[in-house]
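Following: one structure in structure tokens, then a few remarks.
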Amino acid sequence: MNNFTGRSRNDDDNDISVALDREEIEINCLEQEDERETEKIELKNNSNSHHFTNDDGAGSTDNNTARMGNAGVRKQLSVFMCCGQNKVKADTKNGKQTISKDLEKKPAFTGIGLVYALLASFLFSVVALLAKKIEGVHSVEISLIRCFFQMVFVLPAIIYNKTGFLGPRDQRIFLFLRGFLGANAMILLFYAVQQMPLADATVIMFSNPVFTAILAWIFLKEKCTIWDFVFTIFTLTGVILIARPPFLFGSRTEGIEGEYTNHMKGTIAAFAGAVGAACTFVVLRKMGKSVHYYLSVWYYAVIGFIECVIALFAIQEWSLPYCGGDRWLLILIGLLGVAGQAFLTKALQLEKAGPVALMRTMDVVFAFIFQFFFLNRAPTWWSFGGAFCVISSTSGIALRKWYINTRSG
């Protein structure tokens, strides 16, 4: 195999090689054009003094000599140099020149990150629907199953990446808080889904970005503007429209699932879960990139699993579903939860956080659709009004941060 370079060596060397590293590739294309013309002349002169043979014996052989017999190959080399390819290899086999190059992997199309975010929203909504459909199983037990499957799937990734199981010593307290707060937010979400309409619980839980901005201002000293307070007011208005407390709405309880007491319990649980999720995001911001993502998810799964086991023994609510189908639904909740987390992670790797946050508003849309078609419950105008307020607030925050990051970038 003979290598080719853009600069010719001494005539004693019959070997012409091309070293294409990144600095040489970035040379101005006009200069490269001149260099290629020089190369053609030198290659032509060198070829006059040497003869080649192939395996069929058509000519005489000199093993230390190589020449470009195909002008198309030279054109390909020049194209690679202009386009900035990392590695080009010229190989001679049976009298033919072949070129191989390392291509960078690119997504199939530019919107693939948003597609992953949409799939994550769909899967998380399906998980909430399945939690609503299962009867006779406490929300803590559902969370236990979810954490178990999370551990099973994350453990091989931690071993493969050699991240360790404890993390940096100065970050362990934050990892513990991330796991504890995240697990509580998950338990509260499942409890809220069981106590109130699916769409209402999803809307309230989805208000967490607004509380994240406020908590980041308090604990991380991040900048907070008047817009953040406006979005917070809109979010609280949406929560009130969904909760419909009697001291404001009187006895108007149409569209409420079951007793109003359970509806209020679900509202409080969803609101507390949203605040818990916001606290989790603040802790993740505090840790930044000093902790591997798999380690963060590992703490979330392990601490959540331990917390759920202790809680189940304390409240004496451990019970297997009466129906075999419900048992399969529990397993499906665990699997779909892991898949949704994987899609969300991939979306954030390929796309900016702003567009992903906007796509996550589809959680609410899916919740309304599932509630209508699978639970046979039409949402009320109060629910639509509350959803409009909350989605407007979260979308406003995402768009504003996206705009700021685009300008600063």
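Given the structure is predicted, the values throughout are model-derived calculations rather than measurements.
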Would you give the length of the straight line joining atom [atom1] of [X] to atom [atom2] of [Y], rounded to the nearest 0.5 angstrom?
X      : Y      : atom1 : atom2 : result
Phe153 : Ile158 : CZ    : CD1   : 14.5 Å
Ile204 : Ile242 : CD1   : CD1   : 4.5 Å
Ile303 : Met151 : CD1   : CE    : 11.5 Å
Asp363 : Leu118 : CG    : CG    : 9.5 Å
Glu259 : Gln195 : CD    : CD    : 10.0 Å
Glu141 : Trp318 : CD    : CH2   : 4.5 Å

Assess the residue pair Ile112 and Leu350 against the criterion (side-chain contact (heavy atoms from CB on, under 4.5 Å)); give the C-alpha distance rounded to whole Å, side-chain angles, the decisive distance to 0.1 Å, and a yes or no.
CA-CA 8 Å; Ile112 189 65; Leu350 298 175; 3.7 Å; yes
If you draw a 6.0 Å radius around [atom1] in [X], do more than 12 non-hydrogen atoms from other residues or ligands fall strictly inside?
X      : atom1 : answer
Phe234 : CZ    : no
Glu317 : CD    : yes
Phe122 : CZ    : no
Phe388 : CZ    : no
Gln316 : CD    : yes
Phe219 : CZ    : no

Could you tell me whether the side chain of [Y] reaches within less than 4.5 Å of the side chain of [X], counting heavy atoms only?
X      : Y      : value
Ile142 : Gln194 : yes
Leu336 : Phe149 : no
Phe180 : Leu177 : no
Val356 : Tyr116 : no
Pro209 : Phe281 : no
Tyr299 : Arg172 : yes
Phe305 : Leu144 : yes
Val390 : Val364 : no

Side-chain ([X]) to main-chain ([Y]) donor-acceptor, under 3.5 angstrom:
X      : Y      : value
Lys132 : Met196 : yes
Thr280 : Gly276 : yes
Asp228 : Thr225 : yes
Gln371 : Leu198 : yes
His263 : Pro197 : no

Start with the C-alpha distance between Gln171 and Arg178, add both sets of side-chain angles, then the distance that settles side-chain contact (heavy atoms from CB on, under 4.5 Å), and finish with yes or no.
CA-CA 11 Å; Gln171 298 293 329; Arg178 184 266 183 271; over 6 Å; no
Below 6.0 angstrom between ring centroids: does that apply to Phe366 and Phe124?
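No.
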Output all residues satisfying salt bridge (Lys or Arg N to Asp or Glu O under 4.0 Å) with Arg285, sequence neighbours left out; order by chain, then residue number.
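Arg285: salt bridge (Lys or Arg N to Asp or Glu O under 4.0 Å) contacts with Glu222.
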On a heavy-atom basis, which atom in [X] and which in [Y] lie closest, and how many Å separate them?
X      : Y      : value
Ala270 : Ala201 : CB-O, 4.1 Å
Gly273 : Leu188 : N-CD1, 3.6 Å
Thr237 : Cys389 : CG2-SG, 4.2 Å
Cys279 : Leu181 : CB-CD1, 3.7 Å
Arg146 : Val338 : NE-N, 4.3 Å
Cys308 : Ile187 : SG-CD1, 3.8 Å

Just jot down the ring pair (Phe, Tyr, Trp, His ring centres under 6.0 Å) partners of Phe374, sequence neighbours excluded, or say none.
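Partners of Phe374 under the ring pair (Phe, Tyr, Trp, His ring centres under 6.0 Å) test: Phe370.
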Of all residues at least two apart in sequence or in a different chain, which pass the ring pair (Phe, Tyr, Trp, His ring centres under 6.0 Å) check with Phe211?
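Residues passing ring pair (Phe, Tyr, Trp, His ring centres under 6.0 Å) with Phe211: Phe271.
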For the pair Leu130 and Leu332, evaluate side-chain contact (heavy atoms from CB on, under 4.5 Å) and give the outcome as yes or no after the intermediate values.
CA-CA 8 Å; Leu130 296 180; Leu332 196 57; 3.8 Å; yes
Test log, rule side-chain contact (heavy atoms from CB on, under 4.5 Å), inputs Ser143 and Val140:
CA-CA 5 Å; Ser143 302; Val140 177; 5.6 Å; no
Under 3.5 Å, is there a donor-acceptor pair linking the side chains of Arg360 and Thr394?
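The criterion, which ignores hydrogens and geometry beyond distance, is not satisfied for Thr394 and Arg360.
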Under 3.5 Å, is there a donor-acceptor pair linking the side chains of Thr232 and Thr235?
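Not at all, the side chains of Thr232 and Thr235 share no donor-acceptor pair under 3.5 Å.
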